[in-house]
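Down below is the structure, laid out as structure tokens.
We're numbering straight along the sequence, starting at 1. Read the numbers this way: they start at 1 and go in the same order the structure lists the ligands and their atoms.
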Amino acid sequence: MSHIRIFDTTLRDGEQTPGVALNTAQKIEIARQLARLNVDVIEAGFPITSAGDFEAVQRIAREVRGPIVCALARTARPDIERAGQAIEPAEAGRIHVFTSGSKIHLEHMLRKTEDEVVEATIDSLRYAREFTDDVQFSAQDCTRSEFDFLVRLYRAASEAGATTLNVPDTVGYGMPDEYGGLVRALIAALPPSEGLHFSTHCHDDLGLAVANSLAAVGAGATQIECTLNGIGERAGNASLEEVVMALETRKDFWGHQTRIDTRELYRASRMVSMFTGVSVPPNKAVVGDNAFAHESGIHQDGVIKALETYEIMSAETVGRDAGVLVMGKHSGRRAFRKTLGDLGYEGLDDDTVNALFRQFKDLCDRKRNVTSDDIRALVDSETARVAETYVLEAVQFQSGTRMTPVATVRLVSDAGTMEEAATGDGPVDAVYHALERIAQVPLVLESYEIRSVGSGKDALGEVTVRMVSDGRTVHGRGLSTDVVEASARAYVDVLNKLAAGVGRERNPVATP
Ligand code: KIV
Ligand code: ZN
């Protein structure tokens with residue numbers, strides 16, 4: 001069986017998801033999880049775009065071992081130099097140089113002739129090879145490009161030193177047969193070269209990113225670019241967990257394998273969702289809440305008799321256990337640390353473990369069965385936390401039939417204790433009005449979502465909000481057995497992120 005390389009671009013294309021901004025600590029944490037997953041390549045960022053991006057790529061290159069660490073660059077020497085410097089400390093580093101291939105992009109965006117694009121490509125790739133022997137080339141918008149120009153451009157790229165040729169469907173326009181056909185035709189049109197890899201990069205505008213990526217593999221591509229949970233520009237990218245499980249579950253069909261440790265998929269998905277604030281739809285393949293849930297009586301009867309009646313892969317294979325009771329009220333700190341290790345959370349510092357232990361004890365007082373899912377939710381939320389300028393000290397509310405909901409909220413900060421009361425259309429609305437009064441920051445609530453972690457009346461509620469303040473979009477998350485308190489925590493998380501300068505401005509520096 002041949003090996004398909006998994007090139008993860010969660011930290012680069014995924015970070016271009018509208019409203020998402022990860023800080024360096026979160027990027028490093030995700031990169032470590034990508035290393036546990038055993039991806040072949042981590043595209044860690046686009047160093048020329050900001051000092052923060054440069055620092056994140058450099059720290060990942062320095063601190064994360066295993067995968068190749070890749071940095072993105074346009075066909076411009078300053079970009080390549082920055083990318084080269086950022087990956088310098090890596091065990092193995094790659095520079096990914098991109099331009100555009102379609103007339104639409106050349107005329108309206110690059111404002112360059114075909115000759116100029118080819119020339120800049122040759123110069124850039126030769127320059128990139130001065131920093132590393134591992135250089136990847138992409139021309140955006142391949143699916144709307146003229147084939148003859150693509151052949152000329154990719155041939156020049158390969159001759160100038162590119163070792164991977166990536167064929168982006170930047171706008172998610174291709175159909176599986178068509179895109180597979182394009183990759184097959186490009187492979188056939190270029191002179192064979194030892195060690196040269198062809199790669200896919202598919203966007204999901206028509207919901208075909210995974211199908212297109214697999215079609216390209218069928219046509220001879222040996223690398224798939226993808227993101228966890230399929231996040232990315234607009235409708236996102238091919239989802240890593242889906243392409244991996246399609247290749248794994250249907251090895252008989254594809255005859256290929258990846259090196260991914262599939263038992264790390266669920267944890268990776270949760271981490272990305274928690275850090276980005278982009279929640280996973282319940283019906284999402286592989287990692288959605290319902291992906292292994294059986295609702296109809298006939299299905300339930302079937303899986304009780306034999307799992308394979310309605311399951312083509314097991315929940316355990318992708319790292320989802322049954323969420324069984326792992327610990328209780330009387331468990332001590334040492335046992336708690338061991339449980340964290342068993343769940344894969346190693347290397348947490350003492351302060352974090354102590355904070356988690358306190359939250360675990362609180363949870364035991366509120367919830368009868370504390371499951372591994374609950375503990376994962378606590379860890380994800382704790383590691384996503386930014387420095388707390390505001391601490392939610394108390395939230396109280398009254399609500400019911402034929403009464404106006406009213407809430408009182410108390411926050412503590414270095415400036416002292418602040419308390420406000422307000423009414424609203426419902427208890428959450430009343431709490432948010434009270435918080436608005438305390439914070440005095442203009443905030444527009446763009447989205448509010450609630451999900452339960454596990455099941456049962458006492459399940460933890462997880463609230464995710466997206467808010468905009470002065471053109472800055474910030475995601476917040478809150479966790480509690482009380483959904484109104486979880487809502488308040490999500491709002492306070494946003495206030496803390498704004499205070500810490502986290503959040504992405506609308507329309508920042510142009511990125512691909
Ligand atoms: O979608 C795209 O074309 C890209 C390139 C930079 C590979 O993200
Ligand atoms: Zn892309």
Kindly indicate whether the side chain of E225, heavy atoms from C-beta on, has any atom under 4.5 Å from the side chain of S199.
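Result yes, sub-4.5 Å side-chain heavy-atom pair found.
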
Angle in degrees, rounded to 10°, that NE2 of H201 and NE2 of H203 form at the Zn ion (ligand 2):
100°

Need the ligand 1 atom indices (1-based, order shown) with element for anything under 4.0 Å from a heavy-atom of H203.
1 (O)

D13 heavy atoms within 4.0 Å reach ligand 1 at atoms 8 (O)

Residues in side chain to side chain contact (heavy atoms under 4.5 Å, CB included) with T132, at least two apart?
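Partners of T132 by the side chain to side chain contact (heavy atoms under 4.5 Å, CB included) criterion, ordered by chain and then number, come out as I87, I95, D134, V135.
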
Is there a donor-acceptor contact under 3.5 Å linking the side chains of K284 and S239?
yes

Within the supplied structure, the quantity of interest is the number of heavy atoms (other residues, nucleotides, ligands) at a distance under 6.0 Å from D177 CG; does it exceed 12?
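No, not enclosed.
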
F137 and F98: aromatic ring centres closer than 6.0 Å?
no

Ignoring hydrogens and geometry, is there a side-chain-to-backbone donor-acceptor pair from T352 to L348 under 3.5 Å?
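Checking the backbone N and O of L348 against the side chain of T352, no donor-acceptor pair under 3.5 Å is found.
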
Nearest to atom 3 (O) of ligand 1 by heavy atom, N237, T170, D169: which?
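Among N237, T170, D169, the closest heavy atom to atom 3 (O) of ligand 1 belongs to T170.
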
R234, H201, Q140: member with heavy atom nearest to atom 4 (C) of ligand 1
H201

Does any N, O or S atom in D13 come within less than 2.8 Å of the Zn ion (ligand 2)?
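Yes - counting backbone and side chain alike, D13 has an N, O or S atom under 2.8 Å.
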
Any N/O of D141 closer than 3.5 Å to an N/O of ligand 1?
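No, no N or O pair falls under 3.5 Å.
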
Side chain, backbone, both or neither: E225 near ligand 1, heavy atoms under 4.0 Å
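Under 4.0 Å from ligand 1, E225 contributes no heavy atoms.
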
When you look for heavy atoms under 4.0 Å from ligand 1, do you find them on the side chain of Q16, its backbone, both, or neither?
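None of Q16 does.
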
D79: what forms a salt bridge (Lys or Arg N to Asp or Glu O under 4.0 Å) with it, not counting sequence neighbours?
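D79 satisfies salt bridge (Lys or Arg N to Asp or Glu O under 4.0 Å) with R74 only.
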
